[in-house]
Every structure is written in structure tokens, then in C-alpha cells.
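Residues: numbered from 1 along the sequence shown.
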Amino acid sequence: MELCAGAIVNPIAEKIANCTVDPVFRQLDYLLHFKTNVNDLKDQGKKLVETRDFVQHSVDSAKTNGYEIEVMVTEWLGIADQFSEDVDRFFNEADGRSLRWWNMLSRHRFSRRATKLAVAVDKAIQGGSFERVGFRVTPQEIMTLRNNKKFEAFESRVLILKEIIEAVGDANARVIVVHGMAGVGKTTLVEEIARLAKEGKLFDAIAMVTVKHIPNIKKIQGEIADQLGLKFEEEKERIRADRLRRRLEMEKKVLVVLDDVWSRLDLEAVGISSHHKGCKILVTSRKDDLFFNDFGTQKNIYINILSKKEARDFFNKVACDSVESSDDTDPEMEAVATELADECGGLPLSLATVGQALKGKGLPSWNDALQGMKFPGEPSNYGVNKVAYLSLKVSYRSLNREEARSLFLLCSLFPEDYQINIKYLLMYAMGLGLLNAMSSLAMAKWRILSLVDELKTSHLLLDGVDNDFVKMHDIVRDTAILIASKMKSKYLVRHGAGESLWPPMDEFKDYTAISLGCSDHSELPEFICPQLRFLLLVGKRTSLRLPEKFFAGMQELRVLDLTGLCIQRLPPSIDQLVNLQTLCLDDCVLPDMSVVGELKKLEILSLRASDIIALPRVIGELTNLKMLNLSDCSKLKVIPANLLSRLIGLSELYMDNSFKHWNVGQMEGYVNARISELDNLPRLTTLHVHIPNPTILPHAFVFRKLSGYRILIGDRWDWSGNYETSRTLKLKLDSSIQREDAIQALLENIEDLYLDELESVKNILFSLDYKGFPKLKGLRVKNNGEIVTVVNSDNMHHPHSAFPLLESLFLKNLAELGSICRGKLPQMSFRNLKRVKVESCDRLKFVFPSSMVRGLIHLQSLEISECGIIETIVSKNKETEMQINGDKWDENMIEFPELRSLILQHLPALMGFYCHDCITVPSTKVDSRQTVFTIEPSFHPLLSQQVSFPKLETLKLHALNSGKIWQDQLPSSFYGFKNLTSLSVEGCASIKYLMTITVARSLVNLERLELNDCKLMKAIIISEDQDLDNNYPSKSILQNKDVFANLESLLISRMDALETLWVNEAASGSFTKLKKVDIRNCKKLETIFPNYMLNRVTNLERLNVTDCSSLVEIFQVKVPVNNGNQVRDIGANHLKELKLLRLPKLKHIWSSDPHNFLRYPSLQLVHTIHCQSLLNLFPVSIAKDLIQLEVLKIQFCGVEEIVAKRGDDGDGDDAASFLLSGLTSLTLWNLFEFKRFYPGKYTLDCPSLTALDVRHCKSFKLMEGTLENSSSISSAVEKVEVEQSSLRGEFERRESKETSTGKEEITTIVQGVVDAELIELRAQLRALVAGQNQMMERLAQLTTIPREPVSK
């Protein structure tokens, strides 16, 4: 007994001793190791700062390269900043106390804090190890997929459009070639096809690229990759092609549009694989003999010219101001119009350009144009289509201004299909003097934009990637070069790879402009060009040697552009360019620029993205300089003192993402420039600059005369952002500087304002600008602990309107912000607001007062997140009731007429979007920095019928505590959410159901629904009288109403209580457009599609079910009968992809054989893994219809056979025939119960099988019956063998070339394993074919295929 008692008591006593003694020693340890603990914290704090700075630098670099930053990285930086502040606060408090040895209480407390904080900081440091900090965002759409206003619906073109669409939808047609003469509209047509395919979601990805006369494989690869979100770091074409191929194969269906192909292109070399059957290739070409034999069936479609009637109608439409279809139409004018249309030869390009050129002009101009087209007086050899040339020439001659004609010819000097930067057109035009001696750059900008619009209107220029770029059609470009050659100007333009670089040397004396691509050349010859005015040499960081006297014969040169070249030294002969006015050395490697100081007439100097470290002093001698561009010169550290102040003619200075070492002493042996030197530039009108130290600002008059600026004041700013306005200020400074005249001068006309960490500012509006920021369009405020409100008009006499032009308002991490508006808002305040985003404002209880909502008529996007005590978005409290012009507004209904996107996330206290009286959220204070909120879920509907969003398209509700989103009953006339297309609900733990049928019926346009981590949700849609807790039956009166009739995508994840996905009471038209269903981690679901859903989901294409522990069946099949006869079939389903992963209780995919009541002929991929209870995959009737099945993978399942034997009901048929004509890959892994394909006699034909992988299937028998058509299996094995043989040869070739990498050893070993498997498997299968039945028993006993690696 004592022994038993001791056995029990002793361990307990030991535990008690440990629990009492250990804490005592731990407290003593705090006292004894005070200094060590504090020093450890100091070291950890230093490491944290270093780690944070390292991550921040990586983030800055990623942003510069256009990457999106990972959320976890951004969150970690916030955590790191918080811990860094905690460490600083600790040492500030410690410095203010006496911590000598006799003050043991304080030493103990600080030592304890230091220990715990050091542990937390160390954990934060460990969390700062990221493999990457950002990612490239896959472009949502490419330029050509915008609404194509150029497409004209001619009858002939509509027919061709339908033919192309049919070809694109034809599974057998892999390549579609659209061919026809130049200018007939091929590109416009395929752009329309791409747009329609994008809108119709016919493909998972679409990429379009222009190939041109001489293909540049790298450029083609790069453009396709950009549109797929893929970034190349490799230079070798073969490696890039492999990466692009793998990226394309990630998309099930992809459309690649290759525009303007002149000759057969090696698509495999590009990275477009002939084995990817889901890849469609749409080609446009002027040739009709292009064939891509390796890609199977090709369909050629010819585009002819327009008929005479179509041509005449189109011409009259374009020139509608002059030719009217009315009774008083001038017959003579109509006759001339008919002749002009006929002369355009049925080419849409010619008709558009001529019609636009003559629009609004009289009969004499029309007759003159007609005579010019009938009797051109030009030689017959044009080099371009004659009709196109003549029509474009008419358009050219009809331009109103000589400046427009000159700019048109200038655009032809850029490479084919080039995105022309309008800023470069300005620099070139100024250098060449094309703008009638206009000396002001500001005026010249407006003139250039006006001329570009004129050329676009005349169809001589096209829109570029954005408003800063334009393009020129290749025919228009060729015509422009030809027109120039007929005039005094003569152009030499060579930019295609492989083009002959130089014509005969004696022709150079006549050239006025030369434009050359130099990527394939290392040296240029000397030549004499006495009339040359423009020289453009373009490379890609290409090393190029220029002869010493290269510029000796170019005294008339006005513009010199050497973009992208590595030039060891500019030739000394450059000093002979006495008339040079524009010099562009962008993206250049230039060790020595001292000779540039000799170019005294230089007015424009651009060094953008060059690797210059120090700006030469001689630049200061260029007193005629008007523009200096030093943007993106990341290595620039030195601008010598007094250099800038000598550039007295400078009007534009660009230093984006560049120099910021103002007022710094010695650097690289120089004393750096002072920002105050800008005071000496009387003509400065445009300035882009970063001034880290706000105490060194120049005088106010420098800023007041600026018409355009991007100025960053304060440290830690970067240049990221979309600069959509001409005046942007990023401001970060303390209170001692805020009222300085320099800052106020910038704020007067500011259009885009960023504010960070401002001190002593409580009211943004009247603290910074008492006039109400009349021109401000964008306001971003973050990281401030003192701002109380954005607008406080209390006690203001005759206040100005607040932010009358403001379009976007972003507020983040404003700890004391209690309201956006306080007091009476003047009329027109916030009237133009379009985007509002509020984040981490923990004292904000509401966003808008109800009276303010009436003015938000343009609001399109609203996002509120991470605001701990916000109770409502729109408040109607009497305390916050506001007036507009003294008129009180007190209505029960509010509307946001233009709101498209609403995002509410991580708002634990939110009770409703629009509440009359909000209840204060109780809180318990823990310490000075933490507050714990006790929040009861609100069952007041979050979105009541009092709020209407008639144009809302996207609604995201994440981590809210509301118990209900919509009220159960809505009036039949209520359509407050009728345009909603995407709904996402996540982490709303109190919601028991998503909506009632009444609400679902009102969401008539919903296309995408996502539900995630709503722990209590039992159903998605319920009837109005349904009780989920007591399981009361539904008595809905809406059984004949469709719900979610346009829903295409359904994603359900981590819904622990969800028992059903659908609602039986809805009409049969519900869910009929559903294409994608993804169900994950739903513990209570037992069936995915009940029987009543089978006739509704026939358009389903992709089904993915993962980690549903109770799931028993996917499709519940109950074949309906009537008087003993089966009713009408549902028909063919469109299901293409079926993935079932980790479903331990899944017994059936189809609960019974549908006997052709259901068919799945489109099924292409089936993958099951870790479905231990699954005994088979397909019923017989479905297995017989899998003609398009390509990939079948079964891994770690309890499957005994792939096809279940029909006849459980007594009607079985032992004879079966299976044709899997599309099957290319079959994988069977770790199927320990797997015995056979089908439990009976059968025929199996797999003519396309090329990959067979069987592992650990110990009970496997290929067939128990006869194998009547086994030759297909034999041939499949031979195909595998041949393919592996070719792969082995390729590996051996790589082995001989790349032995240094060591990769070939692994490749050879793996290949040996594959070979050994295949040899064994081939022997077994051929024995079967020969009728050696004894092999059947051997296969049945075989546990695995031997894998003995072959040594290298």
C-alpha cells in the first residue's frame, strides 16, 4: 500500500517542487543577468533593424521592377516596425530611470521586459527570411482585348468572323491562318476575335504578338511571356522556349495570336508545343502558303477586299459630313464619292484614311483627291500596295498643318510595330525645329499632343499601350518612308534582324534621317552625310565602337539618339556637331562624357537609365539647355556644386528615382550640389526631384512658377505609383516646417498629395490649405497618430468647398482618426469622389454621415478594413447629422448610384452598413497599447433594403461579426444588387446561412461566388420559413423562380458546418451556367450533386473536391422512370476536368450507373488521390463514352477496378468494349487493392497512349477476360519505348555538352530507371498478347516493377 502511495505521491510532489522552485530561480536570474539581458536586447534590436532594412530594400527593388509585394512581407515589415519602436521605447524609458544595483525592483522589471522582448524580436527576425518578396501580376488583359471600336460589321466580315470563331471552337483545328492582302483588315479582325474570346471566357489565357517580316524569336517569346505573367532571366532562346512551353501547358486552353507572319515560323523554337492540344494558334499573314505541318489540322481562311457596295457605304459613313443620304444631296458630290470609294480598291484602311481626310471639305478638294488617285504620276514599283499608297498619300496631303505632316514622317523612323513614346516625339520635334520655331517646351507639349490627335483622327496613327504611347501600322509606316523618299527628305531605316545594314556608300550624301538597329553589330563604318539631320542608333546594351571621325561629315545633325549602347568613348569628332540640339544617351554605358560640353547649342539632354555615377562639370557649360533628364540613373551619386545653377535656360529637370544626395559634403572627390541652386533657374517650369531632408528646401518662388512637378520631401519615399496627374507631392516632415512658404506654394495647385507621419496636424483640410484644396484629385494619408479628422469646418466663417475635385481618398494607420468629416459641409464638397479606402483606423466608428452620402454620386469603389471599432459605414446619429447649405437630409433610403466595388474586411464591431443608432462596443483595457473588445454577433442585417447599390459588381465581406448579410424578405421590386457579378464571404463566423431564396432571386447577374471559413454556416440558400436549428421543413412559395441563373464559378472552402450546397425549391433554370466548382475542407458534406441537380449542371466544366472527410458520393444518380420506362435523357454534360483529392469516405463518383441518362463525352482529365473507400471510378455507360479522356491518374486509393461491372440490378452485360481514343497518359500508383480494368470480358483500345506509369499495384491483373484488340496496348508501349529512346539520345547529347553542370548524372540515372521499368513492362504485355496465360499469375503476384538504376 505504501509502495502504491509513494508511486502516486512522489511524481506529484516533484511536479509541485518544479512549479514552485523554477519560477523563483527564474526571477533571481532576471536580477543576476540584468546587463546581459539588456545587451542581448540591444543586439537583437540592431539585427532586427538590419533585417528590416534588407527586406525593405528588396521590396523597393521589387516595386521598381513592377512587382506586387506579398501580403506576408508587408505584414512582417509592419511587425518589424512595431518591434523596433518597442525596443526604442524600452531604451528611452531605461535611460530616464536609475537602474543602479540598489534599485533592484526596477532592474528586475526591466530585465524581465528585455528578456521577453528579445525572444519576441528574435522570432520576428527569423520570420524575416523570405525566398521572394514580390510576384509579377498576370496581366488581366492585353491591349488588343479592349473594346475594339475599329471593327466594322460589314456583312462579308461578319461571315468571316463566324467562320473563324467556328474554327477556333473546332477541336481538330489547331492552327487557323487568316490571310489576305495588306490593308484588308486582318489585324482588326483577329483583335475582335481575341476580344470576343476574352469576353466569352473561351480560353484560360490569351496572348497576342506581332511577328513582322523578319521574326525576332526572343522578342516574340518576351511579349507572350509578359502577357502570361512570366519573366525571363535567361538569354538562350532554347531555355526560354522550354520555360514558355511549360508556362503555356499550365493553361488548359490558351489562344496565341501571331499577327503579320511573313514566312513559316518555327513555333517549337518559340516555345509553343505541338503536344499541347489545348493550345490554339491564330495567324494573320499576307501569304497564302504558310503551313505548320507539325501541329496537325490547319484551316486557312481568306479575307477578300470589300464589295463595291460595302466600300461605298463605309466611305460615306466616314465622310458623313459631306455626303448625306438625304433628298438634297449634291449629285455631283455623290458621284465623286462613289469614284473615290472605287479607287480605294475595297481596302478598309484606304477607305478610312481618304474618307477622314476629305471629311468636311468641299467638291474642289474631292475632285483634286480623285485626280491624284486616278493619275498619280508615280513610278509603278512602290514596294507597298499601290492603292494603299495612293489613299494614304491623299490622307497625308489633306492634313491641315505642315507640322502634322512632318510629325507623321518622323514617326516612320521608329522600328516596325514600335510603341512610340510621345515624349520622344517632343524631343525630336524640338531638335529638328518642326514646331515653327516654338521655343517653350510647355507650349510644345500641347502642340505635340494636338498633332498626335490629328494624326489619330486621320487613321495615320494608332493608340499605344497607354496615353503616353502611339503606334503606326506597318503599311502606313512603309508609305511614310516612301513619301519621304519622293521629297527632299530621304530616309534610311533598318531595324530587322538580318536586314542589310548599309546601302552603297555614295547614297549617304542624300540621307536626311538614318534609323538603325545595332544589336547585331559591334562596329560602324565611317561615312559622309552632309544633309543628315536625324540619327538614331538603337541597341540592347550593345557594345558598339564608333570610328574617331564618325561624326566628321554630319555638321547639319540636329538630333542624335544612341539609346541602349555601350560606348567606351564618344568619338572626339562629336564636337563638330555644332548644330546638335537634342542628344539622347538613354540606357547607355558611358565612361566618359566630357566631350559633351562642346555642344554649345544643345537644348535637350537625356541620360535616362544610364549608368553614370557623376555628372561631368562640363555639363554646366550648356547654358542653352532647356531639358535635362536624369531619371532612373540609380548609380548617380555626384552632381558637382554650382553645376545646376549655371544652366540658366533650363525649364525641365527630371530626376525620378535618381539623385537625392543634396547638400552632402565630399563624395567621389566632389562637393555635391545644393538644392538651393534651383533658386538660380528662372525659367524652371517642370521639376521631378526627391529631397530627403525637408530643412533644405529652396525658396517658395521656385515652386510657385512650376506648372508640373513630382516632388518627394522626407526620407523613405519611393517613386512607385501611377502618376496620372502633372502635379504630385509626397510629404513627410515635422511641425516646424509645415507652414513654410515653399510647402504652401506646392499645396496651392496640388493635384496628387501623399502625406506620411505629419506631426501636429489634427485637421488635414484647414491645417494645410484653408482654401479646401480646390484642384486636388488624389489624397493618401498614412501613419499618423494625431490626425482627428480630414475636414473640420466648425467655427469656419464662409468656408470653401472641401475637395471639390477629389477622386481618390486613401486613409491608413491613423490611430486618432475619429471621423472623416466634422461640421457642416459646404456645397460641392467631395462631389467628384470615386475611390475611398480606409485601413487600420482604430478610433473610427463610422465612415460617412448620412447627409454626406447624397453628394457621393460618383463613388465607384469603397474599401474599409482593419478598423477595430467601426460600427457602421453610414451613420444617422443625431450627433453626426450634418447639413448641406443648411438643408437637413433625413431619409430612410440611401443609394450609391455608381458604386461598382464594395470591400468590407476585418471589422469585428460592424453591425450594419446603414444604422440609425449605433451601440457602443464594450472594451476592456489591458495596458497602454492594447485593448480587447468583447463583441456579440449582430443579427441586424448587414445590408438592409434601406441601402441600394444598383451598379455594384463586386462585393467582398471578410472577417465580420454580423450574423446576417441580407434581411430574409425583400420586396419583389427591390433590385439594389441586380448588377452584382462577384460575391466573396470569408471568415464571417456568426453567419448560419448566406441568403434566402428571395435574396438569391434578386442577384440575377451573379457569376462568381466564394465562401470560405464561415464556421456556423449550414446552408447557402434557404427558404424564408426554414429553421436550420430545428430542421423545420421548407414551405417556399418560390419553387418556380430561378436563382443564380448566371452563376459560373463556385468556390467553397473550410465550411465546417455546411451540410448542403443547393436548394431544391428553386426552379430548374437555376445554376444552369455553372462551369467551375471547387469544394475544399467541408467536413459535413456527404453529397456534392444531389439527383435534383443533375439536369442543372450540364454546363459544368471543372470540378475539384478536396479534403471533405464525410463525403460519400459526388453525383447522386437516380434514373427517373415513368410507367416502367426511363424518361428522356438529360444529354451530354460538358465536364472536362475532375479532381478528387483526399476524400477518405468517398465510395462512389456516380452512385449508380445512369444507363446513358447522363453522358460525359467531354471529360479530358480525371485525377483521384487518397480516396481509400473508392472501389471504382466509372460506371460502364459512362466509361464507354470517354472518347476525349486524355489523362487518368489514380493514386493511393482503394480502387479495385477502374470500371464497375454493370449488373448489380440483374441486368448486367459481361461483354464490354471500351474505346479511349484520346487517352495519352495513364498513371496507377499505390493501388494495393487494384485487380483489373474491368471485372469481365472486354475490349480496350487506347491508340493515343504515350505515357504509362504503374507502381506498387500488387494485385494488378490487366484483364481476366479475352483481350480482343490488344494491339493498341502493344503499340502504346512501343510508342513509349520510342519516345524514351529519343529522350535518351537527347540526354546523351546534353551529357557530352554540359558535363560541368552535374545535372546529366541525375537525368541518366532517372532515364535508366524508366528504361528498366519499360523493358519489364513491355515484356510482360507482349507475353499477354501472345496468349501466354502463365504470365497472368506472375503479374498478379507482382508487387512492383523492379527499379534498378543504370549507372552513368
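Atoms CD1 and SG, on I1114 and C1108 in that order, are 8.0 Å from each other to the nearest 0.5 Å. Considering SG of C1082 and CG of L1111, their distance stands at 9.5 Å, rounded to 0.5 Å. Atom CD1 of I164 sits about 10.5 Å away from atom CG of L196, to the nearest 0.5 Å. Note: I1052 CD1 to L1058 CG = 6.5 Å, rounded to the nearest 0.5 Å. Rounded to the nearest 0.5 angstrom, S1110 OG and L1143 CG are separated by 10.5 Å.
The shortest side-chain heavy-atom distance between L1220 and L1192 does not fall under the 4.5 Å cut-off. Residues I1194 and L1174 are not in side-chain contact: their nearest non-hydrogen atoms beyond the backbone lie 4.5 Å or more apart. Looking at heavy atoms from C-beta onward, F1115 lies in side-chain contact with L1103 at the 4.5 angstrom threshold. Using a 4.5 Å cut-off on side-chain heavy atoms (C-beta onward), V985 and C1014 make contact. H275 places none of its side-chain heavy atoms less than 4.5 Å from the side chain of T1224. Looking at C279 and S273, their side chains never come closer than 4.5 Å, going by heavy atoms from C-beta outward. With contacts defined as side-chain heavy-atom distances shorter than 4.5 Å, the pair K1184/V1180 qualifies. In this structure, the side chains of L228 and L244 come closer than 4.5 Å at one or more pairs of heavy atoms.
For H276 against E251, the heavy-atom pair with the smallest separation is NE2-O, 3.0 Å. Closest non-hydrogen pair, I1202 versus L1228, comes out as CD1-CD2, 4.4 Å. Heavy-atom minimum distance, V1203 versus P1239: O-CD, 3.2 Å. Annotation for A167 and A173: closest pair O-CB, 3.8 Å, computed over non-hydrogen atoms. Shown here for L230 and R243, the closest heavy-atom pair between the two residues is CD1-NH2, 3.1 Å.
A donor-acceptor pair under 3.5 Å links the side-chain atoms of S1221 to the main chain of I1187, judged by distance alone. With hydrogens and angles disregarded, a donor-acceptor distance shorter than 3.5 Å links the side chain of S1151 to the backbone of V1117. Judged by distance alone, the side chain of K253 and the main-chain N or O of L202 form a donor-acceptor pair under 3.5 Å. When atom types are taken as modelled, the side chain of H1134 and the backbone of T1098 share a donor-acceptor pair closer than 3.5 angstrom. At distances below 3.5 Å, not a single donor-acceptor pair connects side-chain atoms of S1049 with backbone N or O atoms of R1008. Counting only distance, with no hydrogens or angles, the side chain of N1091 and the backbone of K1118 share a donor-acceptor pair below 3.5 Å. Between the side chain of R247 and the backbone N or O of G229 there is no donor-acceptor pair closer than 3.5 Å. A distance-only check finds a donor-acceptor pair linking the side chain of N1133 to the backbone of R1159 [under 3.5 Å]. Between the K280 side chain and the D170 main chain, a donor and an acceptor come within less than 3.5 Å of each other.
Within a 6.0 Å sphere centred on CZ of R1080, other residues, nucleotides and ligands contribute 12 heavy atoms or fewer. Other residues, nucleotides and ligands contribute at most 12 non-hydrogen atoms within 6.0 Å of the NZ atom of K1145. A 6.0 Å sphere centred on NZ of K1075 holds more than 12 heavy atoms belonging to other residues, nucleotides or ligands.
Inspection of the H1167 and Q1195 side chains reveals an N or O donor paired with an N or O acceptor under 3.5 Å. Defined by atom type and a distance below 3.5 Å, a donor-acceptor pair is missing between the side-chain atoms of K1073 and N1099. Between the side chains of E1113 and T1087, at least one donor N or O lies within less than 3.5 Å of an accepting N or O.
Listed by first and then second residue, the ring pair (Phe, Tyr, Trp, His ring centres under 6.0 Å) pairs that reach into residues 1175-1205 are H1170-F1196, sequence neighbours excluded. The salt bridge (Lys or Arg N to Asp or Glu O under 4.0 Å) analysis of residues 1099-1110, with sequence neighbours excluded, yields the pairs D204-R1102, D1107-R1142.
Partners of F1071 under the ring pair (Phe, Tyr, Trp, His ring centres under 6.0 Å) rule, at least two apart in sequence or in another chain, are F1044, W1062. Looking at residues two or more places apart in sequence or on another chain, you find a side chain to side chain contact (heavy atoms under 4.5 Å, CB included) between S1217 and T1243. Here K1083 pairs with D1056, S1109 under the side chain to side chain contact (heavy atoms under 4.5 Å, CB included) rule; sequence neighbours left out. Every residue meeting the ring pair (Phe, Tyr, Trp, His ring centres under 6.0 Å) condition with F1218, not counting sequence neighbours, appears here in chain and number order: F1237, Y1238.
Salt bridge R245/E249: present, at least one basic N to carboxylate O contact under 4.0 Å. The pair R1236-E1201 counts as a salt bridge, with a side-chain nitrogen and a carboxylate oxygen less than 4.0 angstrom apart.
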Please lay out, stage by stage, how D1253 and R1255 fare under the test salt bridge (Lys or Arg N to Asp or Glu O under 4.0 Å).
CA-CA 7 Å; D1253 190 352; R1255 305 182 188 183; 2.9 Å; yes
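Only one option out of I1020, L1050, L1061 pairs with L1011 in a side chain to side chain contact (heavy atoms under 4.5 Å, CB included); it is I1020.
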